[in-house]
Student: 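The structure is given below, and queries will be raised subsequently.
Chain naming here is simple, since letters A, B, ... match the order of the sequence lines and numbering starts at 1 in each.
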Amino acid sequence: MQATRGWIPSRWKRRQYSAAGSKPGPNILRLLMSGSHTNHPLAPMRHSTAHVMAQAVQHLFPGAKFAFGPDTEDGFYYDIELPRPISQDDLAALEAEMRKSVASQSQFVHEDWPKGRALEWFREHDQPFKVEWISQLPDETVSIYRHGDFTDLCAGPHVSNTADIGAFKLLSSGGAYWRGDEKREQLTRIYGTVWNNQQELDDYLERLEEARRRDHRRIGKDLQLFMFADEVGPGMPLWLPKGATIRRELERYVTDLELRQGYQHVSTPDVAKVDLYKTSGHWAHYKDAMFPVMKAGDEELVLRPMNCPHHIQIYKFTQRSYRDLPLRIAEFGTMWRYEKSGELSGLSRVRRMDLNDAHIFCTPEQILDEIVGVVQLIESVYDVLGITEHWYRLSLWDPSDREKYVDNPPMWEMGERYLKEAMARLHLEYVEAPGEAAFYGPKIDIQLRDPLGHSETISTIQLDFHLPNQFQLEYVGEDSKEHRPVMIHRGVIGTLVRMIAFLIEKYAGAFPVWLSPVQARLIPITDRNVDYLRGLHERLLDLQVRSELDQRNEKMQRKIAEAQTEKVPYMVVAGGRDEEAGTVSVRLRSGEQLPPMAPAEFVNRILDDIRNRR
RNA sequence: GCCGACGUAGCUCAGCUGGCAGAGCGAUGGUUUUGUAAACCAUUGGUCGUCGGUUCGAAUCCGACCGUCGGCUCCA
């Protein structure tokens with residue numbers, strides 16, 4: 001049915017960031033208590049609808065235990081422990097029950113209860129999650145909202161009456177852990193959406209539909225870009241010729257750009273001795289995401305989850321002088337991560353990926369300039385790719401998580417200062433995100449939004465004082481003494497898989513000419529016109545334009561229809577009239593038809609597009 | 001990994017409470033020689049994800065495993 005991925009998280013998470021670390025503690029609870037979590041004008045209504053849904057659950061699922069139910073960017077959800085699994089039919093039944101509540105025109109009533117009374121009441125009504133929640137609140141009174149026969153712990157605000165709720169729909173259900181902790185109870189989360197009126201709701205549902213049509217997994221199959229094979233394994237994409245073309249073009253583009261920017265491209269192996277990763281700290285902090293050790297004779301090898309240690313070895317190849325710095329070592333490095341099975345998703349989350357990686361080895365004095373240079377590089381690439389909606393996230397460590405992060409508070413503080421200074425110098429706004437750093441250092445993540453509103457990290461800039469220490473990196477300074485360099489890890493287009501997944505959805509498969517797997521489809525009207533187009537075809541191939549000559553025994557209309565479906569940017573049609581006039585007639589995938597032009601003119605046009613990356 | 005759903009031809013899907021596995025598209029062979037989104041005829045195609053169980057009989061019921069999808073957790 002409504003197979004929708006969660007559309008909430010980004011804003012919701014951003015709020016968490018500003019509140020506390022990654023482990024949900026009292027601060028998070030305060031936050032959850034605070035009622036509405038977004039500044040959206042519809043927030044009170046959405047939150048109220050969550051209460052109305054909870055009431056319906058209370059009626060239809062006696063014994064349900066309520067956890068929490070906030071509003072989100074597009075609606076609301078409620079996490080509930082249910083006596084049995086919930087089905088699509090149940091959602092329809094719940095909606096019907098909710099409508100009764102709306103029809104009853106119940107007032108939302110706010111009351112302040114002494115903590116003791118609240119604890120007693122929720123204990124009596126067998127609501128252990130509420131009890132746990134209240135008992136951790138610091139205040140002596142707790143805020144309660146009631147409507148009809150439903151009572152909930154909640155700070156509001158709410159609309160005044162259930163009749164004030166607009167057009168709503170329950171969308172889906174899924175699992176969720178109590179307080180986001182995978183070691184705690186598994187609850188059922190029911191998602192819904194609510195809008196001012198039916199029209200707004202319909203518009204929203206249409207947006208969900210559109211996002212589904214753009215899903216890169218669907219388009220990737222339809223356009224034959226990539227595949228997965230059960231026999232190869234989950235999370236291991238196989239690129240088909242057309243998808244491999246897009247990869248190659250992106251890789252060439254970025255590599256050339258980097259070479260021009262003073263990066264040096266290298267090539268290093270996918271495996272290393274496990275000791276390399278013990279030295280780097282990956283083994284201690286990142287082991288869970290690594291494939292297990294391969295034993296070959298006396299050797300213990302691992303598939304690398306990151307490229308940095310290899311590039312560090314290249315740094316150490318010779319003695320480095322301050323004159324060599326900044327040294328920018330780059331590679332489309334293949335990495336392997338053992339993601340848990342449930343975390344895999346199309347090209348967005350895989351087990352084998354190629355990262356547009358680079359490690360900048362520099363002096364502390366060079367850090368700011370280098371970061372500025374990387375941000376400018378990223379912005380220029382985004383400009384070419386037409387990526388306009390993105391935001392910056394300063395990803396910091398979580399001092400309370402000594403397992404995930406290198407335990408060296410002064411180092412983290414120093415890194416944070418540098419990154420903030422760089423952002424200030426760039427006049428960029430950013431959101432702080434505790435608990436999102438790499439294990440070795442803080443980072444600036446550039447966040448993109450997919451059509452469903454999910455935010456995801458593609459580009460990243462990470463500041464690292466840790467690995468240079470672990471590997472005892474040195475350079476000889478002006479004073480002819482040895483100094484320790486700093487490392488900046490950065491990815492501009494990130495991993496090819498994730499960037500291509502993003503681009504497929506952004507363009508809905510209609511790639512700009514320079515990235516299109518097929519750039520021109522030449523369509524003779526009858527087989528007498530094949531030779532006429534063959535000359536143009538050969539000319540295009542010589543110029544490295546990806547041209548295809550459609551000589552099949554099919555009607556021209558069908559060839560056009562198929563080229564449209566494949567989203568080929570240029571369809572070049574020629575029949576008897578064109579042959580006589582010495583022209584071709586060019587159709588764009590928009591349906592627009594250009595005035596007849598000489599073949600040479602078309603060649604210039606398409607070369608111009610490609611050269612300018614349009 | 002956890003909660004829930006799903007897995008039928010190359011693709012999209014139908015197949016009710018167990019009784020000989022279907023359609024459209026595609027592919028192949030022919031006919032057609034066409035002016036901007038899909039010509040016509042014929043042929044072809046499946047150990048119903050895998051393994052086991054129940055049954056006279058399983059695509060259908062049960063179990064395990066594999067995979068996919070939606071959530072959660074984690075993340076480039």
Side-chain angles (χ1 to χ4, degrees), chain A residues 1-6 8-9 22 77 79 81-82 84-88 171-191 215 217-218 221-222 224 228-231 233-235 286 288-289 305-306 335 337-350 353-357 395 404 435-436 438 443 445-446 448 456-460 462 489 491 493-499 501-502 523-530 553-565 571-578 585-589 591-593:
Chain A
M1 287 279 310
Q2 276 298 345
T4 51
R5 293 196 276 162
I8 9 87
S22 63
Y77 66 79
D79 286 350
E81 188 177 277
L82 295 172
R84 62 169 176 84
I86 191 167
S87 69
Q88 280 295 331
L171 295 169
S172 61
S173 64
Y177 298 109
W178 168 228
R179 295 170 69 170
D181 184 346
E182 62 181 329
K183 293 181 188 72
R184 297 296 304 267
E185 294 87 336
Q186 176 103 44
L187 311 170
T188 300
R189 177 171 297 179
I190 305 173
Y191 284 104
D215 190 315
R217 291 166 297 190
R218 181 191 198 85
K221 187 187 265 186
D222 287 348
Q224 304 193 4
F228 290 89
D230 285 359
E231 291 81 352
Y286 208 76
D288 287 349
M306 294 186 193
M335 315 185 302
R337 297 184 182 175
Y338 189 74
E339 305 290 350
K340 294 184 209 162
S341 56
E343 292 165 348
L344 300 170
S345 176
L347 291 185
S348 317
R349 198 72 186 279
V350 297
M353 69 213 93
D354 303 289
L355 181 67
N356 164 223
D357 207 356
S395 299
K404 185 173 171 187
E436 293 287 346
K443 52 182 182 161
D445 291 320
I446 295 89
L448 301 182
E456 52 186 352
T457 308
I458 294 190
S459 310
T460 178
Q462 312 176 347
H489 310 233
I493 58 170
T495 55
L496 282 168
V497 268
R498 190 170 279 184
M499 179 53 95
F502 178 82
I523 300 174
I525 291 181
T526 78
D527 51 16
R528 288 190 298 273
N529 311 116
V530 171
N553 177 20
E554 292 291 351
K555 290 188 64 171
M556 172 262 280
Q557 284 89 336
R558 161 171 286 260
K559 294 177 181 179
I560 287 172
E562 289 180 8
Q564 286 286 152
T565 308
M571 284 154 268
V572 181
V573 179
R577 297 209 293 270
D578 297 283
S585 66
V586 177
R587 178 193 164 108
L588 308 180
R589 63 190 157 193
E592 186 191 347
Q593 222 177 302

Student: For residues A:G575 and A:N529, report the shortest heavy-atom separation together with the two atoms involved.
Tutor: C-ND2, 3.4 Å

Student: If you measure from the C1' atom in B:G24 to the same atom in B:A38, how many Å do you get, rounded?
Tutor: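 13 Å, rounded to whole Å.
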
Student: Just one of A:K183, A:R184, A:E81 clears the side chain to side chain contact (heavy atoms under 4.5 Å, CB included) bar with A:W178, so which one?
Tutor: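 Testing A:W178 for a side chain to side chain contact (heavy atoms under 4.5 Å, CB included) against A:K183, A:R184, A:E81 leaves exactly one candidate, A:R184.
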
Student: Could you tell me the separation between the CE atom of A:M306 and the P atom of B:A76, rounded to a whole number of Å?
Tutor: 7 Å

Student: I'd like to check A:Q462 versus A:S395 (side-chain heavy atoms, cut-off strictly below 4.5 Å). Are they in contact?
Tutor: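 No, side chains not in contact.
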
Student: Please state how far atom CZ in A:R84 lies from atom P in B:C3, giving the value in whole angstrom units.
Tutor: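 After rounding, the reported distance stands at 18 Å.
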
Student: Round to a whole Å and report the spacing from CD1 of A:I458 to C1' of B:C75.
Tutor: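 About 13 Å, once rounded to whole Å.
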
Student: Look at the side-chain N and O atoms of A:Y191 and state whether any lies under 4.0 Å from the OP1 or OP2 oxygen of B:C72.
Tutor: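 Checking B:C72 against A:Y191, a side-chain N or O does come within under 4.0 Å of OP1 or OP2.
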
Student: Can you list the steps and then say if A:D181 with A:R179 is a salt bridge (Lys or Arg N to Asp or Glu O under 4.0 Å)?
Tutor: CA-CA 5 Å; A:D181 184 346; A:R179 295 170 69 170; over 6 Å; no

Student: Taking atom P in both B:A9 and B:U50, compute the distance separating them and give it to the nearest angstrom.
Tutor: 10 Å

Student: Using atom C1' in both nucleotides, what's the gap between B:U43 and B:G53 to the nearest angstrom?
Tutor: 41 Å

Student: Does any N or O donor sit under 3.5 Å from an N or O acceptor when you compare the side chain of A:Q462 with the base of B:A76?
Tutor: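 Between B:A76 and A:Q462, which were checked side chain against base, a qualifying N/O pair under 3.5 Å is absent.
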
Student: Tell me, do A:Y177 and A:E185 make a side-chain contact under 4.5 Å, heavy atoms counted?
Tutor: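 Side chain of A:Y177 against side chain of A:E185, heavy atoms only: no contact under 4.5 Å found.
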
Student: Distance check, rounded to the nearest 0.5 Å: A:M335 atom CE versus A:M353 atom CE?
Tutor: 4.5 Å

Student: For A:D79, give me all partners under salt bridge (charged side-chain N to carboxylate O under 4.0 Å, His left out), at least two apart in sequence or on another chain.
Tutor: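 Residues passing salt bridge (charged side-chain N to carboxylate O under 4.0 Å, His left out) with A:D79: A:R189.
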
Student: Looking at the base of B:G1, is there any donor atom on it, or on the side chain of A:Y177, that sits under 3.5 Å from an acceptor on the other one?
Tutor: yes

Student: Heavy atoms only, 4.0 Å cut-off, all strands: where does A:G491 land among base, sugar-phosphate and nothing?
Tutor: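 It contacts nothing in the nucleic acid.
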
Student: Determine the Euclidean distance between corresponding P atoms of B:U31 and B:U36; express it in Å to zero decimal places.
Tutor: 26 Å

Student: Has the side chain of A:D354 got a donor or acceptor atom that lies under 3.5 Å from a matching backbone atom of A:L496?
Tutor: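 No: the side chain of A:D354 does not pair with the backbone of A:L496.
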
Student: Describe the nucleic acid contact of A:E456 in one word from base, sugar-phosphate, nothing, applying a heavy-atom distance below 4.0 Å.
Tutor: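 Result for A:E456 = nothing.
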
Student: Any side-chain to backbone donor/acceptor pair from A:K559 onto A:V573? Under 3.5 Å, distance only.
Tutor: no

Student: Ignoring backbone atoms, establish whether A:K404 has a side-chain N or O less than 4.0 Å from OP1 or OP2 of B:C75.
Tutor: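 For B:C75, OP1/OP2 do have a side-chain N/O of A:K404 under 4.0 Å.
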
Student: Please state whether the base of B:C3 and the side chain of A:R189 form at least one donor-acceptor pair under 3.5 Å?
Tutor: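 Checked by distance alone, the answer is no.
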
Student: What pair of heavy atoms forms the shortest contact from A:I458 to A:I493, and how long is it?
Tutor: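 Smallest heavy-atom distance, with atoms named: CG2-O, 3.3 Å.
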
Student: Taking only the P atom of each, what is the distance from B:A59 to B:C2 in whole angstrom?
Tutor: 30 Å

Student: What pairs of nitrogen or oxygen atoms, one from the protein and one from nucleotides 10-12 of chain B, lie under 3.5 Å apart?
Tutor:
{"residue": "B:U12", "atom": "OP1", "partner": "A:K221", "partner atom": "NZ", "Å": "3.3"}

Student: Output the distance between atom CG (A:L171) and atom OH (A:Y77), rounded to the nearest 0.5 Å.
Tutor: 14.5 Å

Student: Short question: side chain of A:R498, backbone of A:V350 - any donor-acceptor pair under 3.5 Å?
Tutor: no

Student: Give me, pair by pair, the N or O atoms of the protein and of nucleotides 66-68 of chain B that are less than 3.5 Å apart, along with how far apart they are.
Tutor:
{"residue": "B:G67", "atom": "O2'", "partner": "A:D230", "partner atom": "OD1", "Å": "3.4"}

Student: When rounded to the nearest Å, what value does the distance between P atoms of B:C48 and B:G19 take?
Tutor: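 B:C48 and B:G19 have their P atoms separated by 15 Å.
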
Student: Give me the distance, rounded to whole Å, that separates B:U17 from B:U12 when you measure between the P atoms they each carry.
Tutor: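 25 Å, rounded to whole Å.
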
Student: Can you name the closest pair of heavy atoms from A:I86 and A:I190 and give their distance?
Tutor: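 That would be CD1-CD1, 3.7 Å.
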
Student: Under 3.5 Å between N/O atoms: give me all the protein pairs with nucleotides 45-52 of chain B, atom names plus distance.
Tutor:
none

Student: Please give, in whole Å, the distance from B:C2 C1' to A:L187 CG?
Tutor: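 To the nearest whole Å, that distance equals 12 Å.
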
Student: Quick one: CE on A:M499 to CG on A:L355, what's the gap to the nearest 0.5 Å?
Tutor: 11.5 Å

Student: Would a 4.5 Å heavy-atom cut-off, applied to side chains only, mark A:R217 and A:S345 as touching?
Tutor: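 They are in contact (side-chain heavy atoms under 4.5 Å apart), so the answer is yes.
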
Student: Ignoring hydrogens, what is the shortest heavy-atom contact between A:G346 and A:F228? Give both atom names and the distance.
Tutor: O-CZ, 3.5 Å

Student: Between A:R337 and A:E343, is a salt bridge (Lys or Arg N to Asp or Glu O under 4.0 Å) present by the stated rule, with each step listed?
Tutor: CA-CA 11 Å; A:R337 297 184 182 175; A:E343 292 165 348; over 6 Å; no

Student: Any chance you could list the contact pattern along nucleotides 33-39 of chain B? Use B for base contacts, S for sugar-phosphate-only contacts and - for none, protein heavy atoms under 4.0 Å, 5' to 3'.
Tutor: BBBBBBS

Student: How close or far is atom P of B:C75 from atom CZ of A:R337, stated in whole angstroms?
Tutor: 10 Å

Student: So for atom CZ, which belongs to A:R589, do other residues, nucleotides or ligands contribute more than 12 heavy atoms lying within a distance under 6.0 Å?
Tutor: yes

Student: Do A:M571 and A:Q564 come within less than 4.5 Å of each other through their side chains, counting heavy atoms only?
Tutor: yes

Student: Pick the nucleotide of RNA chain B nearest each of A:E182 and A:T495; which residue has the one closer to the 5' end?
Tutor: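 On the 5' side of the pair lies A:E182.
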
Student: Mind calculating the distance between CD (A:Q88) and P (B:C69) to the nearest angstrom?
Tutor: 18 Å

Student: Which value, in whole Å, describes the distance between the P atoms of nucleotides B:C3 and B:G22?
Tutor: 39 Å

Student: Determine the stems involving RNA chain B; a stem requires 3 or more consecutive pairs of the Watson-Crick or G-U wobble kind, each with both distances below 3.5 Å, and the answer is none if no such run exists.
Tutor: B:1-7 with B:66-72, B:10-13 with B:22-25, B:27-31 with B:39-43, B:49-53 with B:61-65

Student: Without decimals, in angstroms, what is the distance between A:Y286 OH and B:C74 P?
Tutor: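 Roughly 13 Å, once rounded to whole Å.
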
Student: Between C1' on B:C72 and CG on A:D79, what's the gap in Å once rounded to a whole number?
Tutor: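 The distance from CG of A:D79 to C1' of B:C72 comes to 9 Å, rounded to the nearest Å.
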
Student: Have a look at A:K443 and say if it touches a base, only the backbone sugar-phosphate, or nothing, with a 4.0 Å heavy-atom cut-off.
Tutor: sugar-phosphate

Student: For A:K340 and for A:R349, find the nucleotide of RNA chain B with the closest heavy atom, then tell me which residue's nucleotide is more 5'.
Tutor: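 Closer to the 5' end of RNA chain B: A:K340.
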
